[in-house]
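Structure first, then comments.
As the structure is a computational prediction, the values presented were derived from the model and not from experiment. All heavy atoms count here, side chains included; hydrogens, waters and symmetry mates do not.
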Amino acid sequence: MTIKKNDIAVVWLKRDFRLRDHGALHQAITNHQQIVLLYVAENSLRKEAHSSERHYDFIKQSINDLNRQLVPFNAHILAVEGEVIPVLEKLNATIKLTGLYSHIETGIGLTFQRDKEVRKWCKQNNIPWREERQQGVFRGMKNRKQWIKQWSALMNKEQLPFPQKNAFITNESLNTIAKDFTPLDLKTNSSPLVQPGGEQNAHRYMDSFFNGRYTTYQAHISKPDLARKSCSRLSPYLAFGNLSMRQVLQRTEAEKEQGKRSQGIRAFESRLRWQAHFIQKFEMECRMEFESINRGYHRLEKAINPTFIKAWEKGLTGVPMVDAAMRCLVATGYLNFRMRALVVSFFVHQLWQPWQACSAFLAQQFLDFEPGIHFPQLQMQAGETGINTLRIYNPVKNGLTHDPNGSFTKKWIPELAELPDQLVHTPWEITPFEEEMYGFRLGDNYPKPIVDIDQRRKEASDLLWKMQKDPLVYQESKRILSRHTLARRKSNRSA
């Protein structure tokens, strides 16, 4: 296929690496004779503190997967390094563009500012830019009165099919165009412990979940080791758009219609709705990236302690459940929800550090980093919303309850492997006699706890409960309830 300069559109891939149920791709193919699938590895975004090469390996795997699917069309994705506007300018100079298509991205402040600049550039160059929804998030909402209705309508729409019309610019033409750009090296160095990216991998994970793994979902969701298999593990594929939320919800409904109505299926479906809820909240009040949504907590002062932070990041706090979870996260990019809440709770309460000081590190490790979930969840766990019950996780109790034999803890903290089960979660209780028996010396083989977890828990709880009585905290909690929740929702605090 030769390039017909009279009607060429660009589909700008951001966090939507799939060919099925892809609104921007569908509209571009419907409206234009030829399209270019473009991905720009933005230097500015790669340097941003919440980004990591783990994310870009996943993106590269997703691009490689799409390129394999595009082989029958004699096409591939134009994947380049640089910044979006200079890339678009070069493309427009080479092949006069008649349209730009992408999905609506609820990202960080940097991407939002970039999108505003792209919109300005498009207007200046008379290039229509059409953005499509993929997560059930609606821009410009003032409250949630109509959100459920609109979200449900979008999720119930028919999925958009795999493209049948061959409108892709061919490999030969793309190779000519690519000479003007710095190509993105699509080789990856991802660990085998980390989930692989790609639309086809996403569907394999979804199939295996509904073909059997879902049966233990509810029973194992809080278990740090068993959850790795029993949970869907679809979150990175949703975060990077290998799957659309509509695909997962409609698959869930189809499985229920076929008789799979277990508690696990219902619990899973409920959590899918949570995903959209939190992203919509962030879309409506994106300053949560930088500060607590409840302005009453802006007066909460926590001094940065670099020693505490480094010990927490490296899994060397001397508190086994916390350290095992952190080491697991760094190695695999995954933790179940309870362990995520636990490590954040320990950071903000027992270590008494501001949630902003752990935000970037966690985002870099989470393979499924999604800004619209990340920032609201950090603030919930920190107890700085004013509308959620204050939860300060007890790492010892959680270890004894959810890892009673210490299998998860010992796997990630081999220093504790020789200790008996009753000491794994409280190695500081070891006696001198037991130290000799097990060849273990606290402070040498494994650090002593860097804080008194019970004392710190009480101090944090007392102060945060006291702050909930602050007039500004209370006023803000009423505002948040009015703006971000359904009419039936009530605050977890009394007037």
Side-chain angles (χ1 to χ4, degrees), residues 15 50 103-113 115 131 133-155 235 238-239 241 244-246 248-249 269-298 300 337 340-341 344-345 348 354-356 358-360 362-363 366 368-391 468 472-493:
R15 278 177 166 248
H50 291 76
H103 79 280
I104 298 173
E105 181 179 9
T106 302
I108 60 176
L110 182 64
T111 60
F112 184 55
Q113 183 60 39
D115 284 354
E131 296 177 279
R133 293 187 181 89
Q134 74 169 357
Q135 295 168 315
V137 174
F138 298 87
R139 188 155 287 173
M141 276 192 164
K142 302 299 182 184
N143 56 53
R144 293 299 189 92
K145 292 181 180 179
Q146 297 298 318
W147 179 72
I148 283 290
K149 180 180 179 180
Q150 291 177 288
W151 180 83
S152 298
L154 181 65
M155 292 300 112
S235 56
L238 286 167
S244 71
M245 178 54 71
R246 181 162 54 200
V248 182
L249 274 167
E269 187 174 36
S270 174
R271 284 170 174 81
L272 291 177
R273 292 188 174 91
W274 287 3
Q275 192 249 23
H277 163 74
F278 280 107
I279 299 176
Q280 182 67 54
K281 180 184 288 189
F282 184 65
E283 170 67 35
M284 293 167 64
E285 203 151 353
C286 59
R287 64 182 177 84
M288 281 192 282
E289 179 181 348
F290 308 104
E291 61 185 25
S292 298
I293 186 173
N294 189 312
R295 294 178 177 87
Y297 290 97
H298 294 182
L300 182 62
F337 177 81
R340 296 185 191 212
V344 173
S345 175
V348 298
W355 60 263
Q356 293 93 332
C358 73
S359 177
L362 287 176
F366 289 146
D368 57 3
F369 169 58
E370 172 65 69
I373 296 175
H374 184 74
F375 298 107
Q377 282 290 330
L378 284 180
Q379 295 185 32
M380 277 184 58
Q381 300 308 330
E384 297 184 24
T385 66
I387 66 170
N388 301 103
T389 299
L390 177 63
R391 292 185 176 90
Q468 286 212 352
L472 181 57
V473 170
Y474 181 58
Q475 178 183 342
E476 277 287 288
S477 70
K478 292 173 63 177
R479 179 191 67 80
I480 294 166
L481 283 170
S482 175
R483 181 171 173 80
H484 293 290
T485 62
L486 302 177
R488 297 186 301 274
R489 170 69 188 271
K490 295 181 179 179
S491 174
N492 285 310
R493 47 175 289 174

- Message: With rounding to the nearest 0.5 angstrom, report the CD1 to CG distance, Ile373 to Leu378.
- Response: 11.5 Å
- Could you walk me through whether Glu283 and Phe138 pass side-chain contact (heavy atoms from CB on, under 4.5 Å), step by step? CA-CA 8 Å; Glu283 170 67 35; Phe138 298 87; over 6 Å; no
- Query: Which atom names give the shortest non-hydrogen contact between Leu249 and Trp151, and what distance separates them?
  - Reply: CD1-CZ2, 3.4 Å
- Message: I need the minimum non-hydrogen distance between Phe278 and Pro376, along with the two atoms involved.
- Response: CD2-CB, 3.7 Å
- Side-chain donor or acceptor of Ser359 paired with backbone N/O of Gln356 under 3.5 Å: no
- Task: Say whether, by atom type as modelled, one donor and one acceptor occur between the side chain of Ser152 and the main chain of Ile148 under 3.5 angstrom.
- Result: yes
- Item | Minimum heavy-atom distance Glu384-Asn294, with the two atoms named | O-CB, 3.5 Å
- Once you round to the nearest 0.5 Å, how far does OG of Ser477 lie from CD1 of Ile293? 11.0 Å
- Query: Sub-3.5 Å donor-acceptor pair from the side chain of Glu105 to the main-chain atoms of Phe112, do we have one?
  - Reply: no
- Task: Would you check if the side chain of Gln379 reaches a backbone N or O of Met288 as a donor-acceptor pair within less than 3.5 Å?
- Result: yes
- Close side-chain approach of Tyr297 to Glu476, heavy-atom, < 4.5 Å: no
- Tell me, with the steps shown, if Gln381 and Val348 meet side-chain contact (heavy atoms from CB on, under 4.5 Å). CA-CA 8 Å; Gln381 300 308 330; Val348 298; 5.5 Å; no
- Query: What distance do Lys281 atom NZ and Thr106 atom OG1 have between them, rounded to the nearest 0.5 Å?
  - Reply: 14.5 Å
- Message: Using a 3.5 Å distance criterion without hydrogens, assess whether the side chain of Gln134 forms a donor-acceptor pair with backbone atoms of Gly241.
- Response: no
- Task: On the 0 to 90° scale, with breaks at 30° and 60°, tag the Phe375-Phe369 ring pair as parallel, tilted or perpendicular.
- Result: perpendicular
- Message: Check this for me: Arg287, atom CZ, are more than 12 non-hydrogen atoms of other residues, nucleotides or ligands nearer than 6.0 Å?
- Response: yes
- Task: Give the intermediate values and the outcome of side-chain contact (heavy atoms from CB on, under 4.5 Å) for residues His374 and Phe282.
- Result: CA-CA 9 Å; His374 184 74; Phe282 184 65; over 6 Å; no
- Between the side chain of Arg483 and the main-chain N/O of Lys142, is any donor-acceptor distance below 3.5 Å? yes
- Message: Please check: side-chain N/O of Arg15 versus main-chain N/O of Glu370, any donor-acceptor pairing under 3.5 Å?
- Response: no
- Note on the structure: Looking only at heavy atoms, the pair that brings Gln135 and Ile279 closest together is NE2-CD1, 3.8 Å
- Message: Quick check against the 3.5 Å criterion: does Arg246 have a side-chain atom that pairs as donor or acceptor with the backbone of Leu154?
- Response: yes
- Got a donor-acceptor contact below 3.5 angstrom from the Thr111 side chain to the Ile108 backbone? yes
- Message: Assess the residue pair Arg273 and Glu269 against the criterion (side-chain contact (heavy atoms from CB on, under 4.5 Å)); give the C-alpha distance rounded to whole Å, side-chain angles, the decisive distance to 0.1 Å, and a yes or no.
- Response: CA-CA 7 Å; Arg273 292 188 174 91; Glu269 187 174 36; 3.5 Å; yes
- Message: To the nearest 0.5 Å, what is the distance between CZ on Phe366 and CZ on Arg340?
- Response: 4.5 Å
- Note on the structure: What one should report as the nearest heavy-atom pair of His484 and His277 is O-CE1, 3.6 Å
- Item | CD-CH2 distance between Glu291 and Trp355, expressed to the nearest 0.5 angstrom | 8.0 Å
- Message: Can you tell me how far apart CE (Met155) and CG (Leu272) are? Round to the nearest 0.5 Å.
- Response: 10.5 Å
- Note on the structure: When every non-hydrogen atom of Val137 is compared with those of Gln280, the smallest separation belongs to CA-OE1, 3.3 Å
